[in-house]
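Some notes on the structure that comes next.
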Amino acid sequence: MEFFCYHRDRPGSVLLRDKLLEDHWSYMDGYAAELIARGPTFAADGETPTGSVHIVDLPDPAAARAFAFDEPNYQAGAYRDVLLRRWRNLLGRTMWDFPGGRTGGNRYLVLGLGSGEAVDLAVPSDRDGLIAYGPLLSDDGATWLGTAALVRAADPDTARAVLTPGRYADIEVHDWEFGGRR
């Protein structure tokens with residue numbers, strides 16, 4: 001089962017995150033075979049971290065909750081909240097398989113929070129900039145709750161356009177970059 005996990009930073013937690021960087025990476029190293037995508041999000045300045053995205057393939061919702069809540073930054077209080085949802089990998093690949101590579105161009109997390117009838121359940125026809133794409137689902141996988149995508153795009157508005165306008169309660173766009181050890 002695939003899960004989307006987005007830890008959002010608590011304001012003022014940059015020093016704590018820096019202190020725990022090796023602990024975070026070591027923790028994630030334990031899930032290397034299960035990770036589909038990972039990486040930090042940033043504020044408009046492009047330098048201040050605002051969160052951490054992990055898309056992971058785990059046996060069940062209990063394992064996903066353990067993954068999300070045992071994470072060292074979460075345990076130390078660096079994160080203000082966690083969005084954890086079942087997810088479906090519609091591209092069938094990891095971020096490391098993205099033909100565009102780790103660098104070059106602007107990268108974004110696009111998060112569409114569902115409202116009403118399910119939408120964007122198929123991969124968009126222009127998939128060249130898609131790094132990861134899929135629906136956010138309830139724990140049992142039966143209810144659509146939104147869509148999450150990692151996108152290479154010219155700007156935030158272009159990234160936002162990967163989702164159908166007007167069909168979500170909210171669409172968030174965050175600067176994002178490939179994560180992991182350098």
Hey, does T103 have a side-chain heavy atom less than 4.5 Å from the side chain of F178?
no
Of the non-hydrogen atoms in D140 and S138, which two are nearest, and what is the gap between them?
OD1-OG, 2.6 Å
Who passes salt bridge (Lys or Arg N to Asp or Glu O under 4.0 Å) against D155, sequence neighbours left out?
none
Can you check side chain to side chain contact (heavy atoms under 4.5 Å, CB included) on R10 and L16, steps first, answer last?
CA-CA 10 Å; R10 184 174 45 82; L16 181 57; 4.0 Å; yes
Rounded to the nearest 0.5 Å, what's the gap from CE on M95 to CG on L150? Could you check?
8.5 Å
Check: V82 and C5 side chains under 4.5 Å, non-hydrogen atoms
yes
OG1 of T147 to CZ of R88: how many Å apart, nearest 0.5 Å?
11.0 Å
V110 vs I171, side chain to side chain contact (heavy atoms under 4.5 Å, CB included): CA-CA, chis, key distance, verdict
CA-CA 7 Å; V110 181; I171 297 177; 4.0 Å; yes
Minimal non-hydrogen separation, G114 against A169, with atom names:
O-CB, 4.0 Å
At their closest point, which heavy atom of P40 faces which heavy atom of G179, and how far apart are they?
CD-CA, 4.1 Å
So, does D9 use its side chain to make a donor-acceptor pair with the main chain of P11 at under 3.5 Å?
no
Does R107 use its side chain to pair, donor to acceptor, with the backbone of R152 at less than 3.5 Å?
no
Qualifying side-chain hydrogen bond (donor to acceptor under 3.5 Å, both in side chains) pairs, either residue in residues 38-53, two or more places apart
Y6-T41, T41-T50, D45-T48
Any side-chain heavy atom of L137 sitting closer than 4.5 Å to one from W87?
no
Electrostatic pair D29:R181 at N-O distance under 4.0 angstrom:
yes
Any side-chain heavy atom of P99 within less than 4.5 Å of one from R93?
yes
With heavy-atom distances below 4.5 Å as the criterion, would you say the side chains of D139 and R65 are in contact?
yes
Partner set under ring-ring contact (aromatic ring centres under 6.0 Å, His included) for Y31, not counting sequence neighbours
Y27, F67
With sequence neighbours excluded, give me every ring pair (Phe, Tyr, Trp, His ring centres under 6.0 Å) pair touching residues 89-131.
none
Ignoring hydrogens and geometry, is there a side-chain-to-backbone donor-acceptor pair from R80 to G77 under 3.5 Å?
no
How close do E117 and W144 get, counting heavy atoms only, and between which atoms?
O-CZ3, 3.6 Å
Rounded at 0.5 Å granularity, tell me how far NE2 in H54 sits from CG in L84.
12.5 Å
Out of curiosity, does L91 fall in the hydrophobic cluster containing W176 (side-chain heavy atoms, cut-off under 4.5 Å, transitive links)?
no
Could you check if a side-chain atom of F42 sits within less than 4.5 angstrom of a side-chain atom of E177, using non-hydrogen atoms only?
yes
Taking all non-hydrogen atoms of both residues into account, name the closest pair between G141 and R86 and its distance.
N-NH1, 3.6 Å
Which residues pass the salt bridge (Lys or Arg N to Asp or Glu O under 4.0 Å) test with D81, not counting sequence neighbours?
R8
Mind checking whether F4 and I36 sit in one hydrophobic cluster, side chains of I, L, V, M, F, W, Y counted as touching below 4.5 Å?
yes
Applying the 4.5 Å side-chain criterion to the ILVMFWY set and letting contacts propagate, would L90 and L145 be lumped into a single cluster?
no
Tell me whether the centres of the aromatic rings in F69 and Y74 are closer together than 6.0 Å.
yes
I55 CD1 to N89 CG distance, which is reported to the nearest 0.5 Å
7.5 Å
Can any side-chain N or O of H24 pair as donor or acceptor with the backbone N or O of N73 at less than 3.5 Å?
no
Side chain proximity check, Y168 to V119, heavy atoms < 4.5 angstrom:
yes
To the nearest 0.5 Å, tell me how far L83 CG sits from H7 NE2.
10.0 Å
Crowded around E22 CD? As in, over 12 foreign heavy atoms under 6.0 Å?
yes
Between E2 and L58, is there a donor-acceptor pair closer than 3.5 Å when you use the side chain of the first and the backbone of the second?
no
First locate atom CG of L20, then atom OG of S26, and finally report the distance between them rounded to the nearest 0.5 Å.
11.0 Å
Do any side-chain atoms of residues 121-136 form donor-acceptor pairs under 3.5 angstrom with protein atoms, and if so which ones, sequence neighbours left out?
unit_1: Y133; atom_1: OH; unit_2: D120; atom_2: O; d: 3.1

Over all heavy atoms of both residues, which pair between L163 and L111 is shortest? Give the atoms and the distance, please.
CD1-C, 4.4 Å
